Protein chains: 2
Amino acid sequence: MKIDPDSAVDLSAQIAKAIRDAIIAGDLIVDQRLPSESELADHFDVSRPTVREALKRLAAQSLIRTQRGASGGAFVNRLRFEDAYAQQVTTSTLLLSMNAVSFDVACEARYALERACAPLSAQRRTPDQLATMRAEIHRQGQPGLTDEAFCASDVTFHRALVDGAGNKVLSYQLAGAVEAMQPLMNMITFTARSREEIVALHTDIADAVEAQDAPTVDATLIKLEAYTRLLAHSVVKSRENRAAEKEHKTA
Amino acid sequence: MKIDPDSAVDLSAQIAKAIRDAIIAGDLIVDQRLPSESELADHFDVSRPTVREALKRLAAQSLIRTQRGASGGAFVNRLRFEDAYAQQVTTSTLLLSMNAVSFDVACEARYALERACAPLSAQRRTPDQLATMRAEIHRQGQPGLTDEAFCASDVTFHRALVDGAGNKVLSYQLAGAVEAMQPLMNMITFTARSREEIVALHTDIADAVEAQDAPTVDATLIKLEAYTRLLAHSVVKSRENRAAEKEHKTA
DNA sequence: GCCAGATTAAATGTCAGACAATAAAATGTA
DNA sequence: TACATTTTATTGTCTGACATTTAATCTGGC
């Protein structure tokens, strides 16, 4: 592991990269202890604060964990699904909010991915996941629910559907797509009528999953996607109308 | 933005979280300049190195960028698809290598996701993407290609298929799944016969995509998944046999 | 010999102050 | 005005120190 002190790149970034590469290459294995900060500083011929900045970079990616005290130090972290999952949700959320991704594009991606695991869910769903779906449907039918709570319940429902596929890798990959949509969904105001419609579609999905009827799950997801996009468009349209009216008044 | 100096959590972690939350909440917008390190140190009542550690954490997640010199400082970064993409590949790769994810589970996830965007690809593929697919197929047919180069070409081929869907969000989400598989695929040794088979299937896929024949793309991907898993199993089996023989000899 | 408590040592966490490097802005000059 | 120079604000890095935490070790009494 070596770095170039003359490079324009930060030393701490170079050191972080060197260690990260060593982890990816398998030279450092899970739970192995890194040399102490002082030793690393000597090795790379930099000061301790510089080494610390590098270690913090790695800690931010959950690649290492640190422990204080004697026999403490930095250890290669076993990257857990939950950690990776949390990071992915954050990244996906920011990606959507910062890049002018249209609702349609995000929605298309989300439902395409969800439909990918629908057949597996129909095949493998557990009673537990079915119960979650039913519970969320019930919640969504409650009057007086805020739009935000409705969206949150929607996410939980879809998470259950995704987890039903019983494939951790799939769940992880889809987590970002489903959860990152929530802020966008929160922009929609749901009328009693539209909630009713969504609950009906959710019920159809839950029924089909319970009956292990994959084609119906798929078809209903297509309907749900179409309806969601319809709702979003009407929201955009009514906003434009309001803006136009305002324009008219001031003119 | 406040922190708790008595908390057991690192101050730098707390500061990073406070700033990260501000970005996610939209209190800090893209390209906005953060206060200087000294000002942040004053604000949080900590030293500059502590602030710097916090900023490095955020930099590791591509949430901020820094610039030296007068009117320099830390700026909220517009998270680009390429940055997010690179991070996701790293995370996914480590996740698979550290968590004893079976080849079958990873493979199932990958092909489920890929099939999710196959219909869109068949509909929207550009001449450019078709050309990439053809070029990679040609490369895969070349004798003397190392197994690693074959796998790399395989990844490029599938990336082209995914990108064909013309949905950046979808491409981003699938990047991890496809690329993270590469190290696992590299464990397979491809015989001339199996390469021939794969090239044939790839050709079928390219043909079907060109003909905008979504069902055939889907069917061929299913075949390819089955064949890939068959190959992986035979590799595992032959290894077990070798191990058993060795056992027998020493016994 | 064994256990409880005190001590020690090693490591990370934090601080203070300094200097170097950089790049933009302000200033001076032809 | 155009260009060179100086100033200044900011990040990058270093040194050295102290605080805090925790495991290992030592010590004394039973």
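Just so you know, these numbers come straight off a predicted model, no measurement behind them. Every heavy atom of this structure was used, including side-chain atoms; hydrogens, water molecules and symmetry mates were not. Residue numbering restarts at 1 for every chain, and letters A, B, ... go by the order of the sequence lines.
- Toward the 5′ end of DNA chain D lies the nearest nucleotide of A:Val46, the other residue of the pair A:Val46 and A:Gln67 mapping further downstream.
- Of the charged side-chain nitrogens involved, at least one lies within less than 4.0 Å of a carboxylate oxygen, so that B:Arg65 and B:Asp31 count as a salt-bridged pair.
- If you take CZ of A:Arg65 and P of C:dA11, they are 17 Å apart, rounded to a whole angstrom.
- Among the nucleotides C:dC15, D:dG12, C:dT12, the one closest to any side-chain atom of B:Pro49 is C:dC15.
- Rounded to whole Å, the distance from CG on A:Asp10 to P on D:dT11 is 12 Å.
- Side-chain atoms of B:Ser71 lie closest to C:dA24 of the nucleotides C:dA24, C:dG13, D:dT13.
- The residues A:Lys56 and A:Glu53 are annotated as not salt-bridged, no charged nitrogen and carboxylate oxygen being separated by less than 4.0 angstrom.
- Side-chain N/O atoms of B:Arg48 and base N/O atoms of D:dG12 include a donor-acceptor pair closer than 3.5 Å.
- Taking every side-chain heavy atom of A:Ala70 into account, D:dT22 is the closest of D:dT22, C:dG13, D:dG12.
- Donor-acceptor pairing under 3.5 Å, judged by distance alone, is absent between the side chain of B:Arg68 and the base of D:dT10.
- Ion pairing between a basic and an acidic side chain is recognised when a charged N comes within 4.0 Å of a carboxylate O; A:Arg229 and A:Glu225 show such pairing.
- Under the 4.5 Å side-chain criterion, counting only non-hydrogen atoms from C-beta, B:Tyr172 is in contact with A:Leu95.
- At D:dG12, one or more side-chain N or O atoms of B:Arg52 fall inside 4.0 Å of OP1 or OP2 (strictly under the cut-off).
- Counting non-hydrogen atoms under 4.0 angstrom, A:Arg33 reaches the backbone sugars and phosphates but no base.
- Comparing B:Glu37 and A:Thr50 by the nucleotide of DNA chain D that holds the closest heavy atom to each, the one mapping nearer the 5' end is B:Glu37.
- Comment: B:Asp154 engages B:Arg110 in a salt bridge, judged by a side-chain N to carboxylate O separation of less than 4.0 angstrom.
- As a whole-Å value, the separation of B:Asp4 CG from C:dT14 P is 12 Å.
- A sub-4.0 Å separation between OP1 or OP2 of D:dC14 and a side-chain N or O of A:Ser47 is present.
- Remark: B:Thr66 is in phosphate contact with D:dG12, judged by side-chain N or O atoms under 4.0 Å from OP1 or OP2.
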